[in-house]
S.K.: 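Got a structure here, written out as structure tokens. Questions coming.
For ligands, and for the atoms within them, numbers begin at 1 and follow the listed sequence. The chain is numbered in sequence order, starting from 1. FYI, side chains are in, hydrogens and waters are out, and symmetry mates aren't considered; it's all heavy atoms of this structure.
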Amino acid sequence: MADLNALMEALIRGDRNTVVDLTKKAIADGTPSRDILEKGLIAGMDIVGKRFKANEVYVPEVLIAARAMKGGMEILEPELVKAGVEPIATIVLGTVKGDLHDIGKNLVNMMLTGGGLKVIDVGTDVSAEKFVEACKDGKAKVCAMSALLTTTMPAMADIIKALKAGGVKVKTIIGGAPVTQSFADEIGADGYAPDAASAVDVVKELVGAA
Ligand code: B1M
């Protein structure tokens with residue numbers, strides 16, 4: 001039987017090669033792909049997220065763990081498809097119009113992916129129209145927006161208005177250094193998260209998977 005605890009520990013250390021090897025071994029041992037995902041990879045990323053929230057680890061450690069997660073996922077993905085394991089939900093994520101900062105957004109992407117969610121990353125400097133377009137096919141359950149400039153925060157309100165005007169039924173979450181819970185309340189966002197790890201908890205709550 002595969003040692004999923006060892007897989008989890010390797011992911012926390014950001015040891016990509018071991019994560020890849022142990023993922024391959026677990027598949028070869030016949031361990032269900034859902035268990036490899038949930039008890040190995042996601043469990044590891046969850047701990048990294050908690051440590052990041054508690055300031056016990058920092059951005060570089062998260063990036064290295066996310067790289068290890070990606071290595072494991074590349075091996076595991078075909079098995080998940082074969083087993084019919086679906087992501088918890090699909091999230092559209094982008095940095096709002098006028099804003100080119102993407103380091104935080106990319107971290108949010110990694111943590112959401114590490115949390116078992118599928119992320120459609122629409123990039124930076126994304127207009128309200130593009131957010132609406134990406135969300136309107138009904139696959140996305142959440143529209144997630146990042147802004148790093150006080151001058152681009154109002155674009156989040158425009159996106160929420162455009163989603164409503166277009167009759168697009170998605171939950172919204174906002175974040176980024178200048179963004180606050182009170183701003184989220186003011187513009188009618190469904191959720192706010194101060195950091196990438198909290199974004200996973202908030203998104204899971206929004207889609208009813210917490
Ligand atoms: Co810019 N920049 N920048 N910048 N930049 C800031 C944000 C600034 C605070 C620097 C300063 O003046 N002290 C300032 C904003 C001031 C303000 O508006 N109050 C600023 C400025 C003014 C500018 C320019 C206007 C500078 C100029 O050209 N005059 C310009 C704007 C360009 C544009 O966007 N149109 C500009 C440009 C740039 C670079 C291109 C050089 C570069 C960006 C590179 C890139 O992203 N690819 C850059 C950088 C790197 C920064 C700083 C130094 C670092 C930002 C960062 O990546 N932090 C920043 C100063 C600082 O923060 N010390 C600064 C690390 C990242 C992990 O944190 O993005 O906050 P953060 O993400 C966190 C949380 O906020 C949260 O999770 C992440 C991890 O926990 N989070 C979410 C983020 N998005 C979320 C979404 C969620 C939930 C949580 O839900 C959806």
Side-chain angles (χ1 to χ4, degrees), residues 12 14 45-67 69-70 87-128 130-132 134-135 139-163 168 170-207 209-210:
I12 294 168
M45 209 56 193
D46 189 39
I47 290 175
V48 173
K50 287 192 175 115
R51 291 184 183 169
F52 178 61
K53 246 198 283 191
N55 290 322
E56 289 166 14
V57 298
Y58 299 97
V59 172
E61 286 93 335
V62 177
L63 293 177
I64 293 166
R67 188 189 58 170
M69 172 106 193
K70 201 168 169 218
I88 297 169
T90 299
I91 316 299
V92 166
L93 169 69
T95 305
V96 301
K97 191 169 173 54
D99 203 320
L100 301 173
H101 296 86
D102 68 356
I103 298 169
K105 168 189 70 69
N106 294 342
L107 268 181
V108 172
N109 183 342
M110 288 166 194
M111 293 303 300
L112 290 176
T113 307
L117 294 139
K118 179 178 171 188
V119 177
I120 299 173
D121 189 335
V122 287
T124 58
D125 190 18
V126 180
S127 65
K130 196 168 167 193
F131 269 107
V132 170
C135 291
K139 286 186 190 135
K141 294 276 174 281
V142 178
C143 179
M145 298 156 248
S146 178
L148 262 288
L149 299 171
T150 45
T151 50
T152 57
M153 285 166 62
M156 294 172 148
D158 297 341
I159 295 161
I160 292 173
K161 277 190 207 137
L163 288 167
V168 182
V170 285
K171 299 281 187 188
T172 52
I173 170 174
I174 62 172
V179 177
T180 59
Q181 179 65 58
S182 67
F183 180 69
D185 296 341
E186 189 186 313
I187 67 169
D190 299 303
Y192 156 75
D195 57 66
S198 309
V200 180
D201 301 336
V202 175
V203 164
K204 284 187 175 171
E205 265 170 41
L206 291 177
V207 300

S.K.: Within a distance of under 4.0 Å, is there any protein heavy atom near atom 53 (C) of ligand 1?
M.R.: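 False for atom 53 (C) of ligand 1.
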
S.K.: Using the side chain to side chain donor-acceptor pair (under 3.5 Å) criterion, which residues pair with Lys161? Sequence neighbours excluded.
M.R.: none

S.K.: Enumerate the side-chain hydrogen bond (donor to acceptor under 3.5 Å, both in side chains) contacts for residues 51-65, please, sequence neighbours excluded, ordered by first and then second residue.
M.R.: Lys53-Asp201

S.K.: If you take the nearest heavy atom of each of Leu93, Thr124, Thr150, Leu63, which one is closest to atom 17 (C) of ligand 1?
M.R.: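 Shortest heavy-atom distance from atom 17 (C) of ligand 1: Thr150.
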
S.K.: Kindly confirm or rule out an N or O of Lys105 lying under 3.5 angstrom from an N or O of ligand 1.
M.R.: no

S.K.: Purely on distance, is any nitrogen or oxygen of Leu100 under 3.5 Å from one on ligand 1?
M.R.: yes

S.K.: Sequence neighbours excluded, which residues qualify as side chain to side chain donor-acceptor pair (under 3.5 Å) partners of Thr95?
M.R.: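 Testing Thr95 for side chain to side chain donor-acceptor pair (under 3.5 Å), a comparison that skips the adjacent residues, returns none.
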
S.K.: Looking only at protein heavy atoms, which one is nearest to atom 80 (O) of ligand 1, and how far off is it?
M.R.: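 Checking every protein heavy atom, the shortest distance to atom 80 (O) of ligand 1 gives Ala196 N, 3.1 Å.
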
S.K.: Please tell me if atom 87 (C) of ligand 1 is touched by the protein, where touching means a protein heavy-atom distance below 4.0 Å.
M.R.: yes

S.K.: Could you tell me the residue and atom name of the protein heavy atom closest to atom 47 (N) of ligand 1, and the distance to it rounded to 0.1 Å?
M.R.: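 Closest protein heavy atom to atom 47 (N) of ligand 1: Asp102 OD1, 2.7 Å.
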
S.K.: Within the structure, does at least one protein heavy atom fall under 4.0 Å of atom 8 (C) of ligand 1?
M.R.: no

S.K.: Could you list the atoms of ligand 1 found under 4.0 angstrom from a heavy atom of Leu107?
M.R.: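 So the atoms of ligand 1 that pass are 67 (C), 79 (C).
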
S.K.: How far is atom 89 (C) of ligand 1 from its nearest protein heavy atom, and which residue and atom is that?
M.R.: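 That would be Ala193 O, 3.3 Å.
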
S.K.: Can you tell which part of Val108 has a heavy atom less than 4.0 Å from ligand 1: side chain, backbone, both or neither?
M.R.: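 The side chain, only.
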
S.K.: Run down the list Ile103, Val179, Thr95, Thr152 and name the one with the heavy atom closest to atom 57 (O) of ligand 1.
M.R.: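 Going through Ile103, Val179, Thr95, Thr152 one by one, Ile103 has the nearest heavy atom to atom 57 (O) of ligand 1.
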
S.K.: Report, as a single number, the protein N, O or S atoms less than 2.8 Å from atom 1 (Co) of ligand 1.
M.R.: 1

S.K.: Given the protein's heavy atoms, is any one of them under 4.0 Å from atom 26 (C) of ligand 1?
M.R.: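 There is no protein heavy atom less than 4.0 Å from atom 26 (C) of ligand 1.
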
S.K.: Any idea which part of Asp125 is under 4.0 Å from ligand 1, heavy-atom wise: side chain, backbone, both or neither?
M.R.: neither

S.K.: Given the protein's heavy atoms, is any one of them under 4.0 Å from atom 21 (C) of ligand 1?
M.R.: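 It does: a protein heavy atom is found less than 4.0 Å away from atom 21 (C) of ligand 1.
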
S.K.: Is it the side chain (CB and beyond), the backbone, both or neither of Tyr192 that lies under 4.0 Å from ligand 1, heavy atoms counted?
M.R.: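 Near ligand 1, Tyr192 shows nothing, with every heavy atom at 4.0 Å or more.
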
S.K.: Which atoms of ligand 1 sit under 4.0 Å from any heavy atom of Gly98?
M.R.: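 Checking each atom against Gly98, I get 33 (C), 34 (O), 35 (N).
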
S.K.: Could you tell me whether Ala177 and ligand 1 have an N or O pair separated by under 3.5 Å?
M.R.: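 The answer is yes, given that Ala177 and ligand 1 share an N or O pair closer than 3.5 Å.
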
S.K.: Is the closest N or O pair between Thr151 and ligand 1 shorter than 3.5 Å?
M.R.: no

S.K.: Which of the listed options, Gly104, Gly49, Pro178, holds the heavy atom that is closest to atom 71 (P) of ligand 1?
M.R.: Gly104

S.K.: Is any heavy atom of the protein nearer than 4.0 Å to atom 61 (C) of ligand 1?
M.R.: no

S.K.: How close does the nearest protein non-hydrogen atom get to atom 81 (N) of ligand 1, and which residue and atom is it?
M.R.: Gly176 N, 3.5 Å

S.K.: Quick one: look at Pro194 and ligand 1, take heavy-atom pairs under 4.0 Å, and tell me if it's side chain, backbone, both or neither.
M.R.: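 Answer for Pro194: backbone.
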
S.K.: Could you identify the single nearest non-hydrogen protein atom to atom 91 (C) of ligand 1 and state the distance to 0.1 Å?
M.R.: Met145 O, 3.4 Å

S.K.: In ligand 1, which numbered atoms sit nearer than 4.0 Å to a non-hydrogen atom of Asp99?
M.R.: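 Listed by number with element, the hits are 34 (O).
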
S.K.: What is the nearest protein non-hydrogen atom to atom 84 (N) of ligand 1, stated with its residue, atom name and distance?
M.R.: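 Minimum-distance protein heavy atom for atom 84 (N) of ligand 1 reads Ser146 OG, 2.8 Å.
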
